[in-house]
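Contents: one structure, followed by commentary.
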There are 2 protein chains.
Amino acid sequence: MASHHQYSISDLAREFDITTRTIRYYEESGMLCPYRDGQTRLYNEADRVKLKLILRGKRLGFSLSESRELIEMYDPDSDNRHQINALLDKIHKRREQLEAQLHDIQLMQEELDEAEAKCMEAFNDD
Amino acid sequence: MASHHQYSISDLAREFDITTRTIRYYEESGMLCPYRDGQTRLYNEADRVKLKLILRGKRLGFSLSESRELIEMYDPDSDNRHQINALLDKIHKRREQLEAQLHDIQLMQEELDEAEAKCMEAFNDD
DNA sequence: TTGAACGTTTACGTTAACGTAAAGCAGGCG
DNA sequence: CGCCTGCTTTACGTTAACGTAAACGTTCAA
């Protein structure tokens, strides 16, 4: 059912507005392992999604290794109970972090409201 | 109206769970300039709030200089229209960033729900 | 009075996340 | 054929945000 797209490294670089160096660096760090046609890297849809997740993690302030942990949760290689419990624990902690972050964002948004109002006010005082 | 508290550098370090080096580094970067009693730094409530803002910015994935920009918006030194317009522009852009970030968080929360469900499922399959 | 417990400065070290430059191979085109 | 475009590798450089160590000055309780 479709979506057997192939992407070159610069296709992805263009789409996500990053450099090819960045993509290769993510591969160096073991976060991507594209198929090779000879020397040339060929990326499929799964690779593309992974890259997207990495970049979203980055926007959320996660380090690469933190993002890797998150992404590894979706890999179907969890085989024993101990692993699964560790994963559930990670999920729980991550969720707490996100909620704290949500709170931070709400606070900052309120303050942006105030700051904006203050600017407007200063604008009318002449 | 009180709140003329004084804090030592390690008071703040303890409260926010960071090192004194970190606090001094923020001063080096021009984000804090505490009162001095001789050589010794003495921080007041305003300094404490500033530090809190810096750390919140950090949790939100902002660099120090980005946080500085945000904090400077609250300093009452904006004197001309050009400045104010620039500030309003910054506020607008920051708000867009925050909304994108909110979206990212929501997505990630949904995925955490799914991941958790998947784990639970694997847990029941025995 | 001495020795912890706090503070200070100066200065070099470290890590993550790339940037950048050099040198080279593969394919298409005028 | 020569050149351009796009890919590759290797490898050293860079910046932010501190860590860490050395050497020194207070203060205060035993």
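The structure displayed is predicted, hence computed values, not measured ones. Every chain is numbered from 1, with letters handed out A, B, ... down the list of sequences.
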Could you write out each protein N or O paired with an N or O of nucleotides 5-9 of chain C at a distance under 3.5 Å?
from	atom 1	to	atom 2	distance (Å)
C/dC6	O3'	B/Ser10	OG	3.4
C/dG7	OP1	B/Ser8	OG	3.3
C/dG7	OP1	B/Ser10	N	3.2
C/dG7	OP1	B/Ser10	OG	2.2
C/dG7	OP2	B/Ser10	OG	3.0
C/dT8	OP1	B/Arg41	N	3.1
C/dT8	OP1	B/Arg41	NH1	2.9
C/dT8	OP2	B/Arg24	NE	3.2
C/dT8	OP2	B/Arg24	NH2	2.4
C/dT8	O5'	B/Arg41	NH1	3.3
C/dT9	OP1	B/Arg36	NH1	3.2
C/dT9	OP1	B/Arg36	NH2	3.4
C/dT9	OP2	B/Arg41	NH1	2.9
C/dT9	OP2	B/Arg41	NH2	2.9

When you compare the protein's N or O atoms with those of nucleotides 15-18 of chain D, which come within less than 3.5 Å of each other, and at what distance?
from	atom 1	to	atom 2	distance (Å)
D/dA17	OP1	B/Leu64	N	3.0
D/dC18	OP1	B/Lys58	NZ	2.9
D/dC18	OP2	B/Tyr26	OH	2.7

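Using a 4.0 Å cut-off between a side-chain N of Lys or Arg and a carboxylate O of Asp or Glu, B/Arg14 and B/Asp11 qualify as a salt bridge. Classification of B/Arg21 and B/Glu28 as a salt-bridged pair holds, one side-chain N sitting under 4.0 Å from a carboxylate O.
Between A/Glu28 atom CD and C/dG19 atom P the separation is 12 Å, expressed in whole Å. The nearest whole Å value for the distance from the CG atom in A/Asp37 to the P atom in D/dG6 is 18 Å. C/dT20 atom P lies 16 Å from atom CD1 of A/Ile23, rounded to whole Å.
Contact of the A/Tyr26 side chain with the A/Leu51 side chain is registered, since non-hydrogen atoms from C-beta on lie closer than 4.5 Å. Between B/Arg48 and B/His5, every side-chain heavy-atom pair lies at or beyond the 4.5 Å cut-off. Put simply, the side chain of A/Gln6 does not reach to within 4.5 Å of the side chain of A/Tyr43, judged on heavy atoms.
A distance of 10.0 Å separates CD1 of B/Ile105 from CD of A/Glu99, quoted to the nearest 0.5 Å.
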Please tabulate, for side-chain N and O atoms in residues 30-38 of chain A, each donor-acceptor pair with protein atoms closer than 3.5 Å (sequence neighbours left out).
from	atom 1	to	atom 2	distance (Å)
A/Arg36	NH1	A/Gln39	O	2.8
A/Arg36	NH2	A/Glu27	OE2	3.2

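No donor-acceptor pair under 3.5 Å is formed between the side chain of A/Thr22 and the backbone N or O of A/Ile18.
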